[in-house]
Amino acid sequence: MAWDFETDPEFQKKLDWIEEFMEEKVEPLSNLGRAMYTHGFREKFIKPLQDEVKKQGLWACHLGPELGGQGYGQLKLALMNEKLGRNGLAPSIFGCQAPDTGNAEIIAHYGTPEQKEKWLWPLLNGEIRSAFSMSEPAGGSDPTTFKTRAEEKNGKWVINGEKYFSSGAYGSSVLVVYAVTDPEHKDIHQRTSIFLVATNTPGVEILRGIGVGVGEGGGHAFIRYNNVEVGPEALLGPRGGAFLVAQTRLSGGRVHHAMRTVGVCQRAFDLMCRRAVSRQTRDGRLADLGVVQEQICDSWIALQSFRLLVLRTAWLIDKHKDYNLVRKDIAAIKVAMPKVYHDIAATAAHLHGAMGVSNEMPFMGMLTSAMVMGIADGPTEVHKVTVAKQVLKDYKPDNDLFPSYHLPKLHEAALDKFGAALDELKAASGRSREPAGVEA
C-alpha cells in the first residue's frame, strides 16, 4: 500500500533553498513598498533574482520540459507554492505569476506555431507580460452573457465591446480577449471565441485601472475595444471554443491560487502565534488565555485540513492527468479557500488589536484578498453547485415507498440472511425465535 506524507530528500533540498531565498532576498525586497515602482527597478533588482532561480532549475516549474519547465507535477508545485504564496513578489521572481501562467498554458495547448513564436516563448522567458480580458461590466465572468462581439469583415475580425477587470493590462504586450463570434449557435457554450490581440492595436482603449480594496488605480483595467481589427491568425483554438479553452486555463489557476493561499494562511497563522506568546496583558500573555488558545486551535485545524485537501487534489491531478476528472475536488478547494483565508487573517488581525487593523500590518490586505478569492475564477456559490452535482452523481435513488435503509426493512433482510442460524442458536438454548422487529 502506497501512502506517504514525506517529501523525497532531493526535492526537499529545493524547498529548503526556496525557504532561505525567500527569507534573505525576496521578502526584504518586497518591503521597499512604493519604491518598487521606480523606473529601472525591475532590471536592477528583479532580473538578478530571476537569474538565480533559473540557475537552480526552479523557473516556471508549472511547465513541462518541452516548454522549459521541470515537469514537476501538481503535488510538487503545491509544496513550492506554499512558500511562494506568503509573498506577493515571489511568483514573478519564479516565473509563475498570474495571469501570465494561465495565458501561457492555453497558448501552449491551443496556439499555432506562429502564435507560440510570437507570444508564448517571450512570455515563458519573462520578456513580455500578458493580460486576461474576459469579464464584462454587466455579466461578470459568465460567458453566456457576454456582449463583446467579433465579426468577420473583409477577411478580418473586428472586435467591439467593453471588458472589465482585465488583469495585467498595464504593461502588457498581448491581450487574451473573449468575444462572441456565433451568437445564434444552438449550444450557448459554443458562441464565444478567444483572440490574441496586441495591446498596441489601434482601437484598444485602456480607460482606467481598477484596484482591489481602497485607493486609486490598480492592475485590473477597464478596456474598450473600438473597431479593433485583427487577422484570422489571432484566433486561439477553434472558433466557438472559448469555453473549452478557458477551462484548461481556469482549472489550473484555481489550484495554484489554493496552493499559494496555504502559504499566506501559514504566514498569518505564524504572526498570530508570535503575537500570542509576545503580548502581555494584566492576566499574563495572550497565549495563556483560554479564549486565545481556542482561536489558535481552530485556526490550526482549519489550515491543516485545507492544506491536506489541496495536496490531495494536486495528487489526483497528477494521477489522472485530466482536470475534468478532478472537477469536484478543484471546486471544493475553491470553496474552502476564501473562508479559511478570511477566518485565519481575521483572527490574526484581532489578536493584534488596533495595530492589526491598521495599514502598518498586512492583515487588512489579507482580508481583502480573501474576499477576492471568493470571486476570482468563479464565485464560491457556483463551485458549491459543482461539488454537489459531482457528489450526487455517485448516488442511486430509492424508488420504493420506504428507502432501502429503512430500519424495519433492514431488520427483515437481516432475519432472512441469518434467521436459520439464529433459530438453531435459540433452539439450542431452549428459546423460540422472537417476532420480526423485536430484538432478542
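Start at 1 with the first residue, then count along the sequence.
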### Message
The test is side chain to side chain contact (heavy atoms under 4.5 Å, CB included); show your working for M373 and Y341 and say whether it passes.
### Response
CA-CA 9 Å; M373 290 299 102; Y341 191 177; 4.1 Å; yes

### Message
Less than 6.0 angstrom separating the ring centers of F243 and Y178, yes or no?
### Response
no

### Task
Check the side chains of T281 and D283 for a donor-acceptor pair under 3.5 angstrom, ignoring hydrogens and angles.
no

### Summary
Scanning both residues in full, the closest heavy-atom pair of I344 with M272 reads O-CE, 3.6 Å

#### Entry: Working for side chain to side chain donor-acceptor pair (under 3.5 Å), residues Q74 and H256
CA-CA 9 Å; Q74 297 298 322; H256 294 161; 3.1 Å; yes

#### Entry: Other residues, nucleotides, ligands: >12 heavy atoms within 6.0 Å of K14 NZ
yes

### Expected output: side-chain H352 to main-chain S358 donor-acceptor under 3.5 Å
no

### Query
K163 side chain to I223 main-chain N or O, any donor-acceptor pair under 3.5 Å?
no

### Query
After noting the C-alpha distance and the side-chain angles of S172 and S130, does the key distance pass the side chain to side chain donor-acceptor pair (under 3.5 Å) rule?
CA-CA 5 Å; S172 68; S130 63; over 6 Å; no

### Task
Would you mind checking if R86 and E19 are paired as a salt bridge, meaning a charged N to carboxylate O distance below 4.0 Å?
yes

### Query
Between F11 and Y72, does the ring centre distance come in under 6.0 Å?
yes

### Cationic N near anionic O, under 4.0 Å, R307 to E82
yes

### Query
Is there a donor-acceptor contact under 3.5 Å from the side chain of Q115 to the main chain of L235?
yes

### Message
Between K47 (side chain only) and K44 (backbone N and O only), is there a donor and an acceptor less than 3.5 Å apart?
### Response
no

### Query
Quick one: do D270 and R267 make a salt bridge, cutoff under 4.0 Å?
no

### Task
Identify whether the distance between the nearest side-chain nitrogen and carboxylate oxygen of R129 and D100 falls below 4.0 Å.
yes

### Query
So, are K25 and E52 salt-bridged, with charged N and O less than 4.0 Å apart?
yes

### Query
Does one side chain, of D8 or Q12, offer a donor that lies under 3.5 Å from an acceptor on the other?
no

### Query
Would you call K339 and D343 a salt bridge, using N to O less than 4.0 angstrom?
yes

### Query
With a cut-off of 6.0 Å (strictly less than), are more than 12 heavy atoms of other residues, nucleotides or ligands near NZ of K384?
no

### Query
Counting distance only, does the side-chain N/O of E136 pair as donor-acceptor with the main-chain N or O of T148 below 3.5 Å?
yes

